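Data block below; observations after.
Bear in mind the structure is a predicted one, so any value in this text is a computation, not a measurement.
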Number of protein chains: 2
Amino acid sequence: MASEIMLRGVGRRTGIALWRQIADAIRAGISSGLGDETGKLPSETELAEQFGVNRHTVRSAISALVNEGILRAEQGRGTFVISPSRLTYPITRRTRFSASLAEQGQRGVSRLISHDIIEAHRDVATSLDLEEGVPVLQINSVGTSDDTPVSRTTAWFDHARFPDLLSHLKTTNSVTKAFAASGLDDYVRQSTLIEAYHATLDDIEIMGLSPGSIVLVTHAVNADLDGRPVEYSKTRFSADRVNLQIELGSNAAED
Amino acid sequence: MASEIMLRGVGRRTGIALWRQIADAIRAGISSGLGDETGKLPSETELAEQFGVNRHTVRSAISALVNEGILRAEQGRGTFVISPSRLTYPITRRTRFSASLAEQGQRGVSRLISHDIIEAHRDVATSLDLEEGVPVLQINSVGTSDDTPVSRTTAWFDHARFPDLLSHLKTTNSVTKAFAASGLDDYVRQSTLIEAYHATLDDIEIMGLSPGSIVLVTHAVNADLDGRPVEYSKTRFSADRVNLQIELGSNAAED
DNA sequence: AGGCATTTGTCCGTATGTATG
DNA sequence: CCATACATACGGACAAATGCC
């Protein structure tokens with residue numbers, strides 16, 4: 001079926017090598033159902049025709065994707081898609097990190113990789129409704145689904161209000177449970193801002209992305225039921241591996 | 001002030017030319033407050049040092065951004081930022097296209113550029129809860145803020161239910177008013193899916209983007225107050241020009 | 001006015017990466 | 001594998017415009 005979704009979209013003298021443009025197009029096409037039922041891509045010659053380039057150029061693109069672990073090339077048989085599907089990450093008033101990932105990917109986990117007590121600077125202070133310079137707990141974690149890193153998060157918490165949060169985080173490995181152990185039973189998503197940019201070197205290293213790939217960034221504030229912010233987080237999702245699903249709430253008549 | 005936000009992040013042999021990586025970094029840095037109060041960038045020599053490249057390479061990057069209309073270079077004086085700010089587009093249960101744009105950019109308009117009656121195929125049919133193959137109205141429009149295109153939308157409507165929608169759209173130039181003229185007084189956002197990918201040639205032409213830049217895509221379903229879908233739309237935002245702001249609704253306890 | 005530092009603009013040549021056939 | 005053409009990146013030198021002393 002669908003194998004001419006991408007067709008054209010490559011240009012020259014753009015500062016982006018043709019082989020990378022084609023690699024990006026194939027990677028994007030895979031999530032929208034490129035490749036037949038067996039996951040077999042069109043032949044190099046066919047792809048070269050579709051994109052209007054030389055077969056060598058297509059080979060460079062495929063070679064890069066094989067290197068990323070997205071494709072597998074078998075001599076005499078063809079080129080095959082390895083991980084065909086894209087994760088859908090829900091954003092709701094009650095978004096819970098680890099739970100959401102686990103629902104779709106079989107083994108979704110969030111792993112704490114570093115932490116620190118720092119002074120809140122502008123963005124963090126305003127988001128958490130604190131004075132600049134007060135101590136906040138900053139944690140970095142990586143979200144994984146089926147052994148593939150799909151996101152990385154930096155989150156900040158008011159250290160004065162939750163002095164023992166870090167130790168709870170380490171034992172429970174869950175923000176929700178750590179909050180509960182700190183006496184906060186429930187919290188809701190207060191605001192979410194979404195932007196997108198090209199992966200930085202850090203993104204590339206930590207999430208195993210390829211240069212030039214896209215990162216979806218959410219800036220989120222969670223608040224307790226009184227509306228006081230308790231967590232500010234910045235999560236970078238690999239746009240090749242996840243979509244964001246916004247749930248604005250019940251769609252019954254609102255009044 | 002802030003002029004070393006970007007610092008590093010360029011790599012070689014990646015298939016993406018250094019000048020384009022640097023152009024992307026500068027473009028991204030501008031929205032996070034690069035350049036001093038007067039909008040003056042560091043000199044070409046300084047930038048070259050910061051990025052660890054030759055001055056000529058920085059010049060290529062700047063030249064591309066001047067061409068995009070983002071920077072202005074003046075011999076003997078320096079290089080200056082022209083349009084410093086990024087638009088924030090809100091997504092709520094009651095998102096209204098033209099109104100939202102108009103609030104921030106002074107002159108936000110949505111312009112209809114083409115339309116057609118076509119047969120619904122899979123995505124459209126399932127999103128609108130119709131049978132595949134039934135006639136639907138498809139419209140293409142471009143959203144503009146301050147004479148700069150910031151988004152382009154393709155939207156589909158059930159032709160059987162709203163046979164006169166197109167003529168209403170042409171006269172009112174507003175989906176909300178056209179719905180009202182067709183007897184639908186109110187509607188709410190039912191679902192929103194967000195993804196991101198590299199700009200296609202169409203995106204580049206229609207929105208005046210540069211190759212390799214990023215497009216944020218929202219797939220949205222609007223429904224009447226009985227929950228029946230009335231509009232399915234796919235909007236592509238220039239990620240360099242807009243952020244998406246998610247409003248999940250009141251954050252009082254929900255039960 | 002002149003002199004000088006700073007900054008962008010233009011030219012040269014050369015090495016390497018990219019793309020074709 | 002090979003040869004060829006063009007884009008990219010570097011290094012250096014100098015011109016042109018600006019602003020300040």
Side-chain angles (χ1 to χ4, degrees), chain A residues 6-27 42-68 73 75 79 198 201 210-213, chain B residues 3-4 6-27 29-30 34-82 198 201 204 210-213:
Chain A
M6 32 189 196
L7 268 167
R8 102 188 105 262
V10 295
R12 289 152 206 256
R13 245 175 311 221
T14 61
I16 300 170
L18 284 177
W19 65 262
R20 173 143 299 288
Q21 295 183 53
I22 291 167
D24 291 340
I26 293 177
R27 205 190 306 105
S43 73
E44 293 178 352
T45 317
E46 280 179 66
L47 286 173
E49 274 178 28
Q50 283 185 30
F51 284 109
V53 299
N54 193 277
R55 190 172 78 96
H56 295 309
T57 310
V58 171
R59 283 181 59 76
S60 301
I62 289 177
S63 146
L65 294 173
V66 167
N67 228 291
E68 280 180 44
Q75 200 170 65
T79 306
H198 289 106
L201 282 191
S210 68
S213 59
Chain B
S3 47
E4 26 226 303
M6 33 189 193
L7 269 165
R8 104 188 100 263
V10 296
R12 291 158 203 251
R13 248 171 304 221
T14 61
I16 299 170
L18 284 177
W19 65 263
R20 173 142 299 288
Q21 296 182 54
I22 290 167
D24 291 340
I26 293 176
R27 204 190 304 105
I30 287 171
L34 184 72
D36 57 21
E37 309 71 34
T38 67
K40 185 168 181 291
L41 285 192
S43 73
E44 296 175 349
T45 318
E46 280 180 66
L47 287 172
E49 272 178 29
Q50 284 184 29
F51 285 108
V53 300
N54 193 276
R55 185 171 79 100
H56 294 305
T57 309
V58 170
R59 282 183 58 74
S60 300
I62 290 177
S63 149
L65 294 173
V66 168
N67 229 290
E68 281 181 44
I70 291 176
L71 297 181
R72 169 177 38 91
E74 294 182 26
Q75 192 169 19
R77 306 217 317 123
T79 306
F80 302 84
V81 178
I82 290 184
H198 288 104
L201 282 190
I204 292 171
S210 68
S213 60

* To do: Compare all side-chain heavy atoms of Leu71(B) with those of Ile30(B) and state whether any distance is below 4.5 angstrom.
  => yes

* Asked: Quick one: Gln21(B) CD to dG17(C) C1', roughly how many Å, whole number?
  -> 14 Å

* Asked: Can you find a side chain N or O atom of Thr45(B) that sits less than 4.0 Å from OP1 or OP2 on dT7(C)?
  -> no

* Hey, does Ser60(B) reach any base, or is it just sugar-phosphate, or nothing, if we go heavy atoms under 4.0 Å? -> nothing

* Could you check how far CG of Leu18(B) sits from P of dA15(C), rounded to whole Å? => 19 Å

* **For Lys40(B) against Gly78(B), the heavy-atom pair lying closest together** => CE-CA, 4.2 Å

* Find the distance Leu41(B):CG to dT6(C):P and express it as a whole number of Å. => 19 Å

* Structure fact -> Whether each nucleotide of nucleotides 14-21 of chain D has a protein heavy atom under 4.0 Å at its base (B), only at its sugar-phosphate (S) or at neither (-) is summarised, 5' to 3', as --BBBS--

* Asked: In whole angstrom, what separates Trp19(A)'s CH2 from dA19(C)'s C1'?
  -> 13 Å

* Looking only at heavy atoms, which two atoms of Phe51(A) and Ile22(A) are closest? And how far apart? -> CE1-CG2, 3.8 Å

* To do: Examine dA9(D): is either OP1 or OP2 under 4.0 Å from a nitrogen or oxygen in the side chain of Asn54(B)? Give yes or no.
  => no

* Asked: Taking the side chain of Ala17(A) as heavy atoms from C-beta outward, which of dT18(C), dC10(D), dT7(C) is closest to it?
  -> dT18(C)

* Hey, which sits more toward the 5' end of DNA chain D by its nearest nucleotide, His56(B) or Ile16(A)? => Ile16(A)

* Considering non-hydrogen atoms only, spot the tightest contact between Ala61(B) and Ala23(B) and give its length. => CB-N, 3.6 Å

* Is the CZ atom of Arg72(B) crowded by more than 12 outside heavy atoms at less than 6.0 Å? -> yes

* Asked: Given atom CD1 of Ile62(B) and atom C1' of dG9(C), what is their separation to the nearest angstrom?
  -> 12 Å

* For Leu47(B) and dG9(C), what is the distance between atoms CG and P respectively, to the nearest whole Å? -> 13 Å

* Choosing from dA19(C), dC10(D), dT8(C), which nucleotide comes nearest the side chain of Arg59(B)? -> dT8(C)

* To do: Report yes or no: does Ser210(A) contribute a side-chain atom to a donor-acceptor pair with the main-chain N or O of Ser213(A) at less than 3.5 Å?
  => no

* **For atom CD1 of Ile22(B) and atom C1' of dA9(D), their distance in whole Å** => 10 Å

* Asked: So, the side chain of Gln21(B) versus the backbone of Ile16(B): is there a donor-acceptor pair under 3.5 Å, distance only?
  -> yes

* Polar side-chain atom of Arg27(A) near backbone of Leu65(A) as donor-acceptor pair, under 3.5 Å -> no

* Mind checking the CG-CD1 spacing from Leu47(B) to Ile26(B)? Nearest 0.5 Å is all I need. => 5.5 Å

Taking N or O atoms only and anything under 3.5 Å, show me the protein contacts with nucleotides 3-5 of chain D, one pair per line.
none

* Asked: What is the distance from CZ of Arg20(A) to P of dT18(C), rounded to the nearest Å?
  -> 10 Å

